[in-house]
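Note sheet for the following structure.
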Amino acid sequence: MSTMKLHVSDPASLLKLCSTLHDKNSVEIQIKVNKYLQEQTEASLVFLVPLFLESEEAVIQVLGTKQLEREMRFPVTNNALNVAVKRRCSIASPSRDLNRDLQDMIRTVISPVPDTFLNVPVPHPKQGTIALLVCIVNYADRENAEFICSELVLECFRFCLGTVLNTVAYEEEKRLKKQCQSLLSVARNLFSRLGNMSDLLREIMTEARKLTNAERCSLFLVDHDHNELVAKVFDGELSNQAVKEVRLSINQGIAGHVAATGELLNIRNAYSHPLFYRGIDEATGFRTRNLLCFPIRKEDVVIGVAELCNKNSGYCFDVFDEEVAMAFSIYCGISIMHSIVYKNIQDAQLRSKVSNELMMYHMKVSDDDVRRVSNCQLDHTKIQIDNFSFSPRMILLTDTPCFVLRMLDDLGLIQHFRIKREPLIRFIMFVKKGYRDTPYHNWMHAFSVTHFAYVLIKNLNLIDQGYITQLDALALMISCACHDLDHRGTTNAFQMQSCTVLASLYSSEGSVMERHHLSQTLCILNTEHCNFLDCLSPEQYSKCLDLIRDMILATDLAQHIRIFAEQQEMLNDGYDKNNEKHKRLLLSLLMTCSDLSDQTKDWKTSKKIAEMIYEEFFKQGDMEKSMGNNPLEMMDRDKARIPELQIQFLSDIVIPVFQLLAQLFPPAKCLVEATEINLQCWSRATNIFLERWPKGHSSMEILTDPDFEKEVLELLNFL
Ligand code: 7OP
Ligand code: ZN
């Protein structure tokens, strides 16, 4: 226990010191310790250098009894102090081996700076590392002076080390917390300016100057194509577009070096640095003293360089500034990249808008086309189109716009809403053009669906009986006409599987194609001279668009299957005309019925529709095969047993839908019956089909063989 005995210290003074170390402030504590050690060693100056081992940094806050205006941080690695740390014993070093800054600082307390000073390392009793250094300047000249000083220090810190280290660590934590907070608020500031690149760059420099207390700043972006640096912000002023851009070669000067190496440069004396270019100072009369130049990266690539010039208040940039600059540069990199991405997205959006305008312009429906429809010479009373058994597909393609007009007229909608004919006709003709030439999902399909909705509204007296309003009826008719706009003859599953543009736009919300049909509808509606809905009040207009949205999305069979149970429940509980939810379910049901209405026509139609649908399905199946995917059996021309698939489709989906309709509207029973006849036909067809199939006929050949249709009909007539 002899080590516990004090060799040189005066126990009373040391105890007195210990009893006063209760401040929560490392400066106060260091002043007291320094003062004690100055008295005991009779030195003119004692100061402590606490070490942060993780960061290999030293920090000096107090010289003797004087608190520095600004704490000094520097790396211990390249320093005279490091010798004592490495050797772990007291050592007298020449003062000139100290940092220039530190020498300057000491000069403010003792001038001239003495030649040597004693450096005493204090080890951490548990960790075995050096916790701090004590520097003793001008100590009493006595025998064994160095030994006595070291002993005084070690004995002192045997009691005070914990207090000193803990307060220093506590303040370091506080400093880091503050640094984090200020970086966070910088990040918030930067990230709110992503929409405007020049605004962002200016703000980056303002923040960088604020954080490091620099006098001036410049920012360069790297132009990798030309190996050049482009000056974006000079001295806090955004470079004017009118003034020619300032460009530097990437291997020129300090900024070029930083861009090339990606490493931060902290230059304490600009004029003695070989890379420094005096030309600018000479031209501007500005005097550059010191520089902190750091890279801004996107991942590993340097995309920019920031140059901070002249630390205010006469100091140099220190380790603290370097640290902040590196953290800050990460935010700069992220915000610059995001700003670029944001700009690209905005540009892409604008370009797509412009090209859409161009397309719309060329797709333009001429005034002549519109006039032809509005002056239609057809005798519309000659054919009666308003019954369930009428086949809209027998109407000539060129006459269809006129018939849409006639249906809307007949429902009293044009008159009721005072719809202007010209934009309405133009809208209808745009919609017609918006369909592709696919086997099934083409304009004739949309037209026949629209016709069926018309027959439903008219024959079931939906408006007069208060089931739906005129606005609902209008939205229903528009939805039918538009519900498959720009269909590509492929399913939702196909879009997802082959990662089409449409899938990337809409797959997260489901009903990929239906969302596209809706988007196309709104696009046409917003085209010049097409918005025939501007006669609606704003409330009616937005309600109408909501209805259109719901109804187009309802044409996804997956959506129908989701809400089928709700529709059943609604009809079992009794339909309530005043219930908004009931009305929505009814409108969805009307859409589904209209979309599937082909199957309520005669057998010839049912079979013809199957031909079209399987032609489309098989084309998709072929594409899937060529992409190395396995199509559904239904889409595979070598596997699809069409009659069986039709039986399944009619009995599982179509008949239940029309049964629901007939449950609410008894006159619709005929639709169920007509579909059931087709079901029977497909039943008969199964045998004929299976007979021919093994003989090498493809499923499509069998279906399109005229004898097939006849044979099925004959079998039916036998009944
Ligand atoms: N008749 C039809 C369709 C066969 C009027 C569609 C499907 C689902 C299950 C078959 C099946 C097809 C589907 C409409 C009409 C149109 C139904 C969506 C289809 N006869 N199909 N078919 N459909 O996905 F067993 F392709 F748009
Ligand atoms: Zn459809």
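Predicted model only: the values in this text are computed from it and were never measured. Ligands are counted one by one from 1 in listed order, and the atoms in each one are counted from 1 as well.
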So, [X] and [Y]: side-chain donor and acceptor under 3.5 Å apart, yes or no?
X    : Y    : answer
T592 : D595 : no
S588 : Q567 : no
N375 : Q377 : no

Between F665 and the options Y467, F388, Y575, the ring-ring contact (aromatic ring centres under 6.0 Å, His included) test singles out Y467
For Q646, atoms of ligand 1 separated by under 4.0 Å from a heavy atom: 4 (C), 20 (N)
Got the closest protein heavy atom to [atom], with its distance?
atom                    : answer
atom 5 (C) of ligand 1  : Y440 OH, 3.5 Å
atom 26 (F) of ligand 1 : F617 CZ, 3.4 Å
atom 18 (C) of ligand 1 : L557 CD1, 3.9 Å
atom 2 (C) of ligand 1  : F649 CE2, 3.1 Å
atom 27 (F) of ligand 1 : H441 NE2, 2.9 Å

Is E616 in contact with ligand 1, taking contact as a heavy-atom separation below 4.0 Å? no
Can you tell whether the side chains of E422 and R426 come within less than 4.0 Å, N to carboxylate O? yes
Option with minimal heavy-atom separation from atom 19 (C) of ligand 1, where the choices are T491, L596, I613: I613
Between [X] and [Y], what is the shortest heavy-atom contact and its length?
X    : Y    : value
F708 : A685 : CZ-CB, 3.6 Å
T438 : N442 : O-ND2, 2.8 Å
N678 : K601 : ND2-O, 2.9 Å

Mind checking whether the Zn ion (ligand 2) has an N, O or S of H441 under 2.8 Å? no
Contact check: H487 to the Zn ion (ligand 2), N/O/S below 2.8 Å: no
If I consider every N, O or S atom in D484, which one ends up closest to the Zn ion (ligand 2)? I only need its name. OD2
Which of the N/O/S atoms in D595 sits closest to the Zn ion (ligand 2)? OD1
Any nitrogen or oxygen of Q599, side chain or backbone, less than 3.5 Å from one on ligand 1? yes
Between H445 and H483, is the ring centroid distance below 6.0 Å? yes
Can you tell me which portion of V654 lies within the under-4.0 Å heavy-atom range of ligand 1? Options are side chain, backbone, both, or neither. neither
Any idea which part of Q648 is under 4.0 Å from ligand 1, heavy-atom wise: side chain, backbone, both or neither? neither
Stepwise, does the ring pair (Phe, Tyr, Trp, His ring centres under 6.0 Å) test hold for F427 with F430? CA-CA 5 Å; F427 175 83; F430 258 110; 8.6 Å; no
